[in-house]
Amino acid sequence: MTAFNRHVPRHVRATFLALRSVGLSRLGRNVFANYFGSMVNAAVPLLVLPFILHALGRTMWGLVAFSTLMVTVMSLFNAGMAQSMVREFGSRWSAGDSGRLATARLLYSYERIYWCAALVIALCVLPFSNIIVTRWLNIGEIPHKIAIGAIYCAIILFFVQLPAAIYKTVLNSLQEQVWLNGVQASFTLLKGLGGMLVAMISGSVLAYLSFIVLAVLCETLTVASGAWRRMPVSRSTLGWDAREVRNTMRYSVTMSVLVILGVLTTQIDKLYVSSKLPIDQLGIYSIAYSLAIGVLQIGYPILSAVLPRLVQVGGDQAMRRRLNHKLLKLVMLIILTVGAIYAVAGRTLLALWLRDEVLASQVAKVLDWLMVSSALNTIYNVAYINWVSQAETRWLSVVNIVSFILAVSITPLSIDAFGLRGAAFALVTINLVGSLGAILWLVRNARSTG
């Protein structure tokens, strides 16, 4: 018996043996690369956050949190589009030389769609900058010109960041996660460490946001170059392919509309917090939210790596059922392990990390609920990647519509009654609905193919 077999638990060995049966060599490298990238992407922002928070102050950190929220909401155009395009790019790329040429034409066309959409959306939001500052946000003592400047930075950040999504989608479809995660990890380090230095030296929120904009622009240009280097022909030999766009747009738009509801649902809590509470409270909420997402991001690399494999599995329901079973067991193991560690040492680690007992106590009251919410969302994503790979929109429609109605209904009432904890509790309720829908689909799918 090898050292691996002696020291690795049986259920973990079984999981990876199941993955090997559907292409472990490539999948294994991609899972490892996704873990490396995910750990860097989660760890670096969390490690530098206390230093940036101390340099800028809680109120200015709240302004940074709102800028991030703005970019997320403006990027709803891409919600669902990128995930559905993994399927479109991946199926073409695996179809031989003619399919790879079709992939290049599709990239050429969607590249222009994304850059034009980014410009149009940015220009549409720009005139409302003053309204956002004066009528939506409760900026307190923040000077008006600084608040407006932060909004401008958020708009520019959105413009340079959105197009990167299509290039990353292509690289994921080609299962080039090793290269992609290396690039993303490098720029995460640049944004984290460089942004920390800028914040500590300047003490200016605008200088910090401007640096992030520049770093994101460089990242977008890098992944664009990487995607095009892997195409069989150069960009200059291609033209707009209306037929390819029409063939993919119907499903992509359908998925986008459905996923927009899902993404907007997960942002409603922060939108209401930014409107109903002082902006420093949004900063506290964003710290807890970042921690909850970052800690449980340990499960996302597996999901990201398995999605292209599920596309290739196609209609082989027996293989899909087996992979889903092992995947769900592994995800549950991760959730339970992280949950146990947090229950035992979470608050102590939080106080050590933030170096502020009062702030740590405020964050912990919200984080307790958000950890549960993130765990439920991770379970939901097991079914979600199946829906994307199979172009299944019916279940996605039901889950997202019900969750959105719940979010709009209960979030403002919960915030009015319980403040930040109310926002977190509402998000738990919403993700509980999503996870129950996911489990129901997985059970029915297993029975129908059993």
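Inter-residue side-chain proximity for Tyr384 and Val399 is flagged as unmet; no heavy-atom pair is nearer than 4.5 Å. Side-chain contact between Trp61 and Ile287: present, with at least one pair of heavy atoms (C-beta onward) separated by less than 4.5 Å. Within the 4.5 Å cutoff, side-chain heavy atoms of Val216 are placed close to those of Lys191. Looking at Tyr167 and Trp228, their side chains come closer than 4.5 Å, going by heavy atoms from C-beta outward.
Geometrically, Arg347 does not engage Tyr342 in a cation-pi contact, judged by NZ or CZ lying under 6.0 Å from the ring centre and within 45° of the ring axis. At least one cation-pi condition fails for Arg394 and Trp441: the charged atom is not both under 6.0 angstrom from the six-membered ring centre and inside a 45 degree cone around its axis.
Just one residue in the list Asn431, Thr429, Thr378 forms a side-chain hydrogen bond (donor to acceptor under 3.5 Å, both in side chains) with Ser373, and that residue is Asn431. Among the candidates Thr72, Leu76, Leu427, the single residue satisfying the side chain to side chain contact (heavy atoms under 4.5 Å, CB included) test with Gln267 is Thr72.
Across all non-hydrogen atoms, the minimal contact from Arg58 to Leu359 is NH2-CB, 3.6 Å. For Gln281 against Leu277, the heavy-atom pair with the smallest separation is CB-CB, 4.0 Å. Smallest separation of non-hydrogen atoms from Gln362 and Ile284: OE1-CD1, 3.4 Å. Trp369 and Ala424 make their closest contact through CB-CB, 3.6 Å (heavy atoms, listed as atom of the first residue, atom of the second, distance). Listed here is the closest heavy atom pair of Trp179 and Val223: CH2-CA, 4.2 Å. Closest heavy-atom contact between Phe89 and Leu107: CE2-N, 3.7 Å.
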Verdict with reasoning, Thr188 to Asn41, per side chain to side chain donor-acceptor pair (under 3.5 Å): CA-CA 6 Å; Thr188 297; Asn41 293 338; 2.5 Å; yes

Derivation of the side chain to side chain donor-acceptor pair (under 3.5 Å) call for Ser225 and Arg229: CA-CA 6 Å; Ser225 175; Arg229 283 202 310 271; 2.9 Å; yes

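In this structure, the side chain to side chain contact (heavy atoms under 4.5 Å, CB included) partners of Ala345, at least two apart in sequence or on a different chain, are Leu349.
Annotation: salt bridge (charged side-chain N to carboxylate O under 4.0 Å, His left out) contacts involving residues 404-430, sequence neighbours excluded, comprise Lys276-Asp416.
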Donor-acceptor pairs under 3.5 Å, side chain of residues 157-166 to any protein atom, not counting sequence neighbours: which ones?
none

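Taking the six-membered ring for Trp and thresholds of 30 and 60 degrees, Tyr285 and Tyr289 have nearly parallel ring planes, at less than 30 degrees apart.
At least one donor-acceptor pair under 3.5 Å links the side chain of Ser274 to the backbone N or O of Leu271.
Asp269 and Thr411 form no side-chain donor-acceptor contact under 3.5 Å, judged by distance and modelled atom types alone.
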